[in-house]
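Following: one structure in structure tokens, then a few remarks.
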Amino acid sequence: MRQAGRSLPEYFDVRGDGSILDAIRVPDRATEITLQPVRRYGVDAAILFSDIVTPVWAVGFGIDITPGVGPTCDRPFRSADDLQRLRPLDLDADLGFQTETVRNLVAELDVPLIGFAGAPFTLASYLIEGRPSRDYAKCKALMMGQPELWHQLCERLADLAIGTLTAQVEAGASAIQLFDSWAGALRPEHYREYVFPHSSRILSAMGDLGVPRIHFGINTGELLPQIAEAGADVVGVDWRTRLSDARERTGGTVALQGNLDPALLLAPWPVLEREVRRVLDDNGGHPGHIFNLGHGVLPQTDPDQVKRVVELVHDIGRAGR
Ligand code: 1CP
């Protein structure tokens, strides 16, 4: 999950000040940051150190990641003229640094590397709002007020996602994750009309590459059937929905990933332990489950708590429950 690194002192030693894009675009630095949580925690997979906005930044849209805020644009997306700021990717010239990072990692890691991209709705929300948003008001106004422009924007964003994911898989990533973190802000009919076609195009293009596809968003309890139907092999579930309910809503056709509430990492160990066991109990021993948090690690998390959770899940898994 995003920001595993944010709670690690060794992350700040390597990251430097300013935009994390400055760390992402230096392969040795991005490689080291990807490896840190794997080394410290002994998790079963690594996630590439990059961001969902990397391809949008790489084609020169004019986006940055402001420390303490998140993705910001000085000139948000407003009209058809802005489509020109989303030209097609030239994979070698624009994302060569990322390909080099993936290659370095695949050579060093003894666990699988997960590549990722942002899905069109979540990316569009940053481009249109110009920064993180609570209500997505401008984004939804454009989506429903100018549907043709919305679909053109999402087509370009889907092309960027397909480009970066293909490059990551070709360089050796073993699985991909499509992050539609904020899609849960939509009602199911709107998701179906404005988002589903684009995310499902990305996921079916990835199907041709033969790697497992994880599709994730938060607050997606009402959207789970569509998130699964969009073409995922694994659906990420946040803590608001029990895994047993998620399994029912997805018809048992996909594996599930999740879903410990990241805030619980701040609770005393006996509480945390009980809640980890609860997640595993909700799963009921089903083989199609990847234990994870329901969203990213909070920055104030004590790394030792994460380590204990990883050890507990491994112990329970090895005991074959
Ligand atoms: O843990 C890791 O370091 C993995 C690499 C990673 C990933 C998978 C980063 C680095 N970002 C992401 C994905 C990402 N980025 C998502 C999807 C997953 C999720 O929902 O958490 C999203 C929505 C973003 C956008 C973003 N980038 C935000 C969210 C802002 C908001 O709207 O609330 C933030 C704060 C960032 C900055 C960022 N990206 C990554 C890190 C480690 C950080 C923060 C720490 C820093 O600036 O050093």
Side-chain angles (χ1 to χ4, degrees), residues 1-26 29-41 43 45-57 63-73 98 101-102 105 113-136 139 157 161 164-165 168 173 175-185 199 214-220 227 236-239 257-259 261-262 292-301 303 306:
M1 281 292 165
R2 170 167 63 89
Q3 300 170 9
R6 255 218 305 196
S7 55
L8 296 181
E10 59 265 34
Y11 170 61
F12 291 101
D13 291 344
V14 180
R15 178 198 183 289
D17 295 330
S19 169
I20 65 159
L21 288 163
D22 293 334
I24 289 170
R25 69 176 167 205
V26 180
R29 240 190 263 175
T31 303
E32 169 58 21
I33 293 173
T34 306
L35 295 172
Q36 287 174 342
V38 181
R39 257 187 230 128
R40 194 190 261 254
Y41 298 131
V43 283
I47 184 146
L48 177 68
F49 182 72
S50 182
D51 195 85
I52 58 169
V53 303
T54 302
V56 175
W57 165 76
I63 193 161
D64 203 352
I65 300 182
T66 306
V69 179
T72 50
C73 323
Q98 180 179 270
T101 304
V102 172
L105 284 165
L113 176 70
I114 304 172
F116 71 94
F121 177 80
T122 294
L123 281 177
S125 77
Y126 293 116
L127 270 49
I128 297 167
E129 302 282 343
R131 53 174 295 124
S133 167
R134 282 220 178 119
D135 52 18
Y136 311 97
C139 178
L157 294 174
T164 180
L165 291 172
Q168 292 171 56
I176 61 99
Q177 179 151 200
L178 185 65
F179 284 109
D180 210 352
S181 303
W182 316 133
S199 294
I214 309 167
H215 194 187
F216 170 84
I218 67 162
N219 244 321
T220 53
I227 301 261
V237 182
D238 82 5
W239 59 93
Q257 172 179 276
N259 68 346
D261 183 342
N292 204 331
L293 302 181
H295 202 196
V297 178
L298 296 167
Q300 61 273 44
T301 302
V306 180

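All ligand and atom numbering here is 1-based and tracks the order in the structure.
Gln98 and Thr54 share no donor-acceptor pair across their side chains, judged by distance under 3.5 Å alone. Asp180 and Thr122 share a side-chain donor-acceptor pair at under 3.5 Å.
Using 4.0 Å as the threshold, Pro67 has no heavy atom nearer than that to any atom of ligand 1. Remark: distances from the non-hydrogen atoms of Gly296 to ligand 1 are all 4.0 Å or more. Leu48 counts as a contact of ligand 1, since one of its heavy atoms falls under 4.0 Å from the ligand.
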Would Glu10 and Arg15 count as a salt bridge (charged side-chain N to carboxylate O under 4.0 Å, His left out) if you check the C-alpha gap in whole Å, the side-chain angles of each, and the deciding distance to 0.1 Å?
CA-CA 9 Å; Glu10 59 265 34; Arg15 178 198 183 289; over 6 Å; no
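Below 3.5 Å of separation, one finds an N or O of His295 facing an N or O of ligand 1.
Neither the backbone nor the side chain of Gln177 comes within contact range of ligand 1; no heavy atom lies under 4.0 Å.
When Ile47, Asp238, Ile20 are checked for heavy-atom proximity to atom 40 (C) of ligand 1, Ile20 turns out nearest.
Under a 4.0 Å criterion applied to the non-hydrogen atoms of Ile65, ligand 1 contributes the atoms 37 (C). Taking a cut-off of under 4.0 Å to the non-hydrogen atoms of Arg15, the atoms of ligand 1 that pass are 46 (C), 47 (O), 48 (O).
Partners of Thr301 by side-chain hydrogen bond (donor to acceptor under 3.5 Å, both in side chains), not counting sequence neighbours: none found. Residues forming a side-chain contact (heavy atoms from CB on, under 4.5 Å) with Ser125 (at least two apart in sequence, or on another chain): Tyr136, Cys139, Trp182.
At most 12 heavy atoms of other shown residues, nucleotides or ligands fall within 6.0 angstrom of atom CG in Asp17.
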